[in-house]
Amino acid sequence: MTVHKTDLVIIGAGPAGLFSVFEAGMLKIKSHVIDTLEIIGGQCTALYPEKPIYDIPAHPKILATDLIEMLEAQAAPFHPVYHLNQRVEKFVKNADGSFTVTTSKNTEINCKAVIIAAGCGAFGPNRPPLEGLEEYEGKSVFYAVRNKAEFAGKKVVIAGGGDSAVDWALSLAEIAAKVYVVHRRDKFRCAPESADQMKKLAEAGKIELVIPYQLDGLEGSNGKLSAVLVKDFDGNVKSLEADYLLPFFGLAMELGPIANWGLNLNKHHIEIEDASTMCTSIEGIYAIGDIATYKNKLKLILTGFAEAASAAHDIRKIVHPDEVFHFEYSTSKGVS
Ligand SMILES: Cc1cc2nc3c(=O)[nH]c(=O)nc-3n(C[C@H](O)[C@H](O)[C@H](O)COP(=O)(O)OP(=O)(O)OC[C@H]3O[C@@H](n4cnc5c(N)ncnc54)[C@H](O)[C@@H]3O)c2cc1C
């Protein structure tokens, strides 16, 4: 078991969680961030990385993935420790008022306060039921694209019919040697412009549409894929030569263990006691972003940003109880 000690644990590396690292850092609060996904960014990276967002202040238009990159860079000076690919399972309030948070990978973190920025709950990819899948996961089978360059010159099979599958097919067609898109229907559930664009690339031979087919098996050895088997509805199987498989079958979301932490819940959301501090019914535990609810709550990224600032200021009193606080703008304070 790995045991860490820090000031603040942030559950969720979505936009609200990432901005909390910055806000906390500006108040000399050190953070560890935990997320079930293997990449940071929450819904922005998992659900709509290539879509432009139009209501982030001072950005008339910004791609979701670029917003996350910038939030990561903004948080970086405060050296957050990220624990990805693991779900927060339980917390214990210790006799000295601190918390011990434990994850599904047995990472244990002792901290003075917790921010729950868990969005709609823990995300997990819907995994295709393929024999021997585990052997390839994280090596040749990925549920999210962390580094697009890895696919340059490679043969990639993308499975799924939604926005993520189509957006990544369009994006990887620029650099991959071959892109197959496997979908069990003729129609795609994505933005119509993206479907049109994919059709054009298919006509130009840049993408091969394998429809209506579904995944049937994997071939390769030691985690290295050589082919993906697909089957049509008459049971005919064909083999697609492949280096990588990217299944995009959506994400399952569930509040998970947080639901049993004794917090006041309201229809799968955490009820906030005081929206000026974002504190929950348990002292030292705060909730922000989509998971937090109060009267007239707006579920927007910009709301989560402001909530991160409010929570961090209240947490400062817990982390530095003896320090007299003098409010300063970032323009005066700088980022140190
Ligand atoms: C298609 C689409 C378009 C959108 N467009 C806009 C837009 O234009 N403007 C706008 O403002 N908003 C938009 N939104 C909404 C916006 O994405 C959300 O409001 C925002 O992502 C919420 O941020 P968050 O940090 O609260 O949570 P999320 O982004 O949901 O991140 C929460 C993270 O917490 C993790 N997590 C949860 N439980 C646990 C646990 N137990 N252990 C570890 N990790 C956990 C999850 O895996 C997830 O990564 C859009 C949403 C969608 C789906």
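As a basis for the values below, the full set of heavy atoms in this structure was taken, side chains included, without hydrogen atoms, waters or symmetry mates. Counting convention: from 1, in listed order, for ligands and their atoms alike.
- Looking from atom 34 (O) of ligand 1 to the surrounding protein, the closest heavy atom is G12 CA, 3.2 Å.
- Side-chain atoms of T107 and Q86 form a donor-acceptor pair, as typed in the model, at a separation below 3.5 Å.
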task: Quick one: do V33 and L84 satisfy side-chain contact (heavy atoms from CB on, under 4.5 Å)? Show the steps, please.
output: CA-CA 8 Å; V33 185; L84 300 178; 6.0 Å; no
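- Ranked by closest heavy atom to atom 50 (C) of ligand 1, the top entry among F305, Y48, W261 is Y48.
- Between Y54 and ligand 1, no N or O atom pair is found at a separation short of 3.5 Å.
- Those atoms of ligand 1 that come under 4.0 Å of a heavy atom in I258, given as number and element, are 41 (N).
- Salt bridge K154/D243: absent, no basic N to carboxylate O contact under 4.0 Å.
- When only interatomic distances are considered, the shortest N/O to N/O separation between R87 and ligand 1 does not fall below 3.5 Å.
- Every N/O-N/O distance between Q86 and ligand 1 stays at or above 3.5 Å.
- With no hydrogens or angles considered, a side-chain donor-acceptor pair links N94 and T100 at under 3.5 Å.
- Using a cutoff of 4.0 Å between basic side-chain nitrogens and carboxylate oxygens, E241 and K178 are not scored as salt-bridged.
- Distance from atom 19 (O) of ligand 1 to its nearest protein heavy atom, with residue and atom name: D290 OD1, 2.8 Å.
- Taking the ring centre of Y244 as origin, the terminal cationic atom of K155 falls outside the region bounded by 6.0 Å and 45° from the ring axis.
- Under 4.0 angstrom from ligand 1, the non-hydrogen atoms of D55 all belong to its side chain.
- Ring-centre distance between H183 and Y213: not below the 6.0 Å cut-off.
- If you number the atoms of ligand 1 from 1 as listed, the ones under 4.0 Å from a heavy atom of I34 come out as 43 (C), 44 (N).
- For F325 and H313, the ring centers sit closer than 6.0 Å to each other.
- The side chain to side chain contact (heavy atoms under 4.5 Å, CB included) test with V182 is passed by exactly one of L245, L240, I211: L240.
- Remark: D290 does not engage K299 in a salt bridge, criterion side-chain N to carboxylate O under 4.0 Å.
- Residue L47 approaches ligand 1 through these ligand atoms, each under 4.0 Å from one of its heavy atoms: 53 (C).
- Ligand 1 has no N or O atom lying under 3.5 Å from any N or O atom of A13, backbone or side chain.
- Taking 4.0 Å as the cut-off, G304 does not count as a neighbour of ligand 1 on heavy-atom distance.
- In plain terms, the two heavy atoms of F188 and G160 that are nearest each other are CE2-O, 3.9 Å.
- Cation-pi geometry between K148 and F151 is not met: the NZ or CZ atom fails to fall both under 6.0 Å from the ring centre and inside 45° of the normal.
- Nearest protein heavy-atom neighbour of atom 11 (O) of ligand 1: I301 N, 2.9 Å.
- Remark: minimum distance from atom 8 (O) of ligand 1 to any protein heavy atom is reached at I53 CG2, 3.4 Å.
- Here the heavy atom of the protein found nearest to atom 30 (O) of ligand 1 is Q43 NE2, 2.8 Å.
- Around atom CD of E203, more than 12 heavy atoms belonging to other residues, nucleotides or ligands sit under 6.0 Å away.
- Residue contact check: G14 has heavy atoms under 4.0 Å from atoms 25 (O), 29 (O), 31 (O) of ligand 1.
- Close approach of ligand 1 to A117 is summarised as follows: ligand atoms under 4.0 Å from at least one heavy atom of the residue are 32 (C), 33 (C), 34 (O).
- Under 4.0 Å from ligand 1, heavy atoms of A118 appear from its side chain as well as its backbone.
- Between E307 and K297, at least one side-chain nitrogen of the basic residue sits less than 4.0 Å from a carboxylate oxygen of the acidic one, meeting the salt-bridge criterion.
- Under the 4.0 Å criterion applied to side-chain N and carboxylate O atoms, E271 and K295 are not assigned as salt-bridge partners.
- From the protein, the heavy atom lying nearest to atom 44 (N) of ligand 1 is T36 N, 3.2 Å.
- Contact check on R127 versus E137 returns a salt bridge, with a Lys/Arg side-chain nitrogen under 4.0 Å from an Asp/Glu carboxylate oxygen.
- Protein heavy atom nearest atom 38 (N) of ligand 1, with residue, atom name and distance: A122 N, 3.1 Å.
- In terms of polar-atom proximity, defined here as any N/O pair under 3.5 Å, L300 makes no such contact with ligand 1.
- Close approach of ligand 1 to G42 is summarised as follows: ligand atoms under 4.0 Å from at least one heavy atom of the residue are 29 (O), 31 (O), 48 (C), 49 (O).
- Those atoms of ligand 1 that come under 4.0 Å of a heavy atom in G289, given as number and element, are 26 (O).
- When D35, I10, D163, L37 are ranked by how near their heavy atoms come to atom 46 (C) of ligand 1, first place goes to D35.
- The closest approach between a heavy atom of P15 and any atom of ligand 1 is below 4.0 Å.
- Counting protein heavy atoms only, atom 25 (O) of ligand 1 is closest to A16 N, 3.0 Å.
- Residue V88 has at least one N or O atom closer than 3.5 Å to an N or O atom of ligand 1.
- The residue L18 has no part lying near ligand 1, judged by heavy-atom distances below 4.0 Å.
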